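To find a chain, count down the sequence lines: A is the first, B the second, and so on, and within it residues start at 1. Here the structure is a predicted model, which is why all the values come from computation and not from measurement.
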2 protein chains.
Amino acid sequence: MCCEATMIQALRERGMRLTPQREMVLHVLHEIPNDATAEEIHARVSRLSPAVDLSTVYRTLDLFTELNLVSSFKQADGDQRFELLTIHAPHFHLLCQQCGELSSVSISELQPLASQLFQTHRFELKMEHLIIPGICAKCSSRTA
Amino acid sequence: MCCEATMIQALRERGMRLTPQREMVLHVLHEIPNDATAEEIHARVSRLSPAVDLSTVYRTLDLFTELNLVSSFKQADGDQRFELLTIHAPHFHLLCQQCGELSSVSISELQPLASQLFQTHRFELKMEHLIIPGICAKCSSRTA
DNA sequence: CTATATGCAAATGCTTTGCATATCC
DNA sequence: GGATATGCAAAGCATTTGCATATAG
């Protein structure tokens, strides 16, 4: 799989090592539909190898985030969540500040804003890291 | 101030009490430009009355949130933040992922995206809470 | 008076860190 | 062989909770 090759290269470039733990975390991230907490990822890794520590999972996820393999963000409930950047079509997220629901939106909807910000501010919007806060349909109808 | 009257009435309706602590938290919220953490709010209250406990601040902010005086939300970094509902920031932020520079942009530039997201997803973008990640002009010219 | 609110201290839940040991290159 | 990673246990940090006391109405 291309992710693994990417990871191996990125690790080599930095003099870092390919360990079974890192392979397992990467593998497990492919099985997860959307995003997951470190606990969830750890639980899945544990099925493959029970000795792997939660702290290792955290360290690995942080590493992957730096390597740009994973995006990491916090939901409204405060849980930090992680997902593979490559697995899905390019998208950004809407985060409901009330219920914490996270939904994905194709980056095509962002294109106009991206051009706008580049034209007026020379700012290159990183669309896949964008999390837009607001109130989702369910919550706003509940309140209204 | 009108907020205070609103608070008093809301408290009365529920058989709750008007305490100095609640008054101070409400007062302090007016001094804060945008939004603040519980710690920041507590620090300001402490200047008025050092004995007030952080837990009381949390309880008060939760209460105000229920009373709809305050909006409470978590930023993407996970910090929970609070702000008076009556105060609105006229801008959102661009955050450079390389140098960390934070710049402000008028919400008028966001309007098209906001309408777009509302039309297609019924999602109410909270513009003043938005922080857009990317690469600023300085950094991208430096890299190029 | 008496129910509600507070301060204090301890508990919680997620995440990070220090360190000795194990492991990859 | 020597630096990098890991597991373990303990520390951090923001937030919440239990409880006796203080206080608003």
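Take Ala36(B) and apply the side chain to side chain contact (heavy atoms under 4.5 Å, CB included) test, not counting sequence neighbours, and it matches Ile32(B), Glu40(B), Ile41(B). Partners of Glu13(B) by salt bridge (charged side-chain N to carboxylate O under 4.0 Å, His left out), not counting sequence neighbours: none found. In terms of the salt bridge (charged side-chain N to carboxylate O under 4.0 Å, His left out) criterion, Arg22(A) has no residue partners (sequence neighbours excluded). Scanning for salt bridge (charged side-chain N to carboxylate O under 4.0 Å, His left out) contacts around Glu23(B) gives an empty result, with sequence neighbours left out. Residues passing the side chain to side chain contact (heavy atoms under 4.5 Å, CB included) test with His93(A), sequence neighbours excluded: Phe73(A), Glu83(A), His91(A), Leu102(A), Ser104(A), Ile131(A).
Checked by atom type and distance alone, the side chain of Ser49(A) never pairs as donor or acceptor with a backbone atom of Ser46(A) at under 3.5 Å.
Taking 4.0 angstrom as the limit, Thr56(B) places a side-chain polar atom (N or O) nearer than this to OP1 or OP2 of dG7(C). At the phosphate of dT23(C), neither OP1 nor OP2 sits under 4.0 Å from any side-chain N or O atom of Gln21(A). At the phosphate of dA5(C), OP1 or OP2 sits under 4.0 Å from a side-chain N or O atom of Arg22(B).
Side-chain N/O atoms of Thr37(B) and Gln80(B) include no donor and acceptor closer than 3.5 Å.
Computed from C1' positions of five pairs at each end, the angle between the two local axes of the helix from dC1(C)-dG25(D) to dC25(C)-dG1(D) equals 30°, rounded to 10 degrees.
Computed from coordinates, the Asp53(B) CG to dA10(C) P distance equals 13 Å when rounded to whole Å. Following rounding to the nearest Å, Met7(A) (CE) and dA5(D) (P) show an atom-to-atom distance of 12 Å. Residue Asp62(B) contributes atom CG, which lies 13 Å from atom P of dA5(C) at whole-angstrom precision. Computed from coordinates, the Ile8(A) CD1 to dC24(C) P distance equals 14 Å when rounded to whole Å. A straight line from CD of Gln80(B) to P of dC13(D) spans 18 Å, rounded to a whole angstrom. A straight line from CG of Leu11(A) to C1' of dT23(C) spans 15 Å, rounded to a whole angstrom. The interatomic distance linking Leu54(A) (CG) with dA10(D) (C1') rounds to 15 Å, in whole Å. Atom CD in Glu39(A) sits roughly 12 Å away from atom P in dT16(C) (whole-Å rounding).
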Set out, line by line, the N/O atom pairs under 3.5 Å between protein and nucleotides 22-25 of chain D.
unit_1  : atom_1 : unit_2   : atom_2 : d
dT23(D) : O2     : Arg17(B) : NH1    : 2.9
dA24(D) : N3     : Arg17(B) : NH1    : 3.4
dA24(D) : N3     : Arg17(B) : NH2    : 3.3
dG25(D) : OP1    : Leu18(B) : N      : 3.1

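Checking dC8(D), dA14(D), dT16(D) against every side-chain atom of Ser55(A), the shortest atom distance belongs to dC8(D).
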Name every donor-acceptor pair, under 3.5 Å, that has one atom in a side chain of residues 112-121 of chain B and the other anywhere in the protein, sequence neighbours excluded.
unit_1    : atom_1 : unit_2    : atom_2 : d
Ser115(B) : OG     : Gln111(B) : O      : 2.8
Gln116(B) : NE2    : Glu109(A) : OE1    : 3.1
Thr120(B) : OG1    : Glu109(A) : OE1    : 3.3
Thr120(B) : OG1    : Gln116(B) : O      : 2.9
His121(B) : NE2    : Glu109(A) : OE1    : 3.4
His121(B) : NE2    : Glu109(A) : OE2    : 3.0

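Each of Gly15(B) and Arg59(B) was matched to the nucleotide of DNA chain C holding its nearest heavy atom; the match closer to the 5' end belongs to Gly15(B).
Applying the salt bridge (Lys or Arg N to Asp or Glu O under 4.0 Å) definition to pairs two or more places apart or across chains, those involving residues 59-73 of chain B are Arg14(B)-Glu66(B).
Residue-level contact check: Thr37(B) touches neither bases nor backbone, having no heavy atom under 4.0 Å from any strand.
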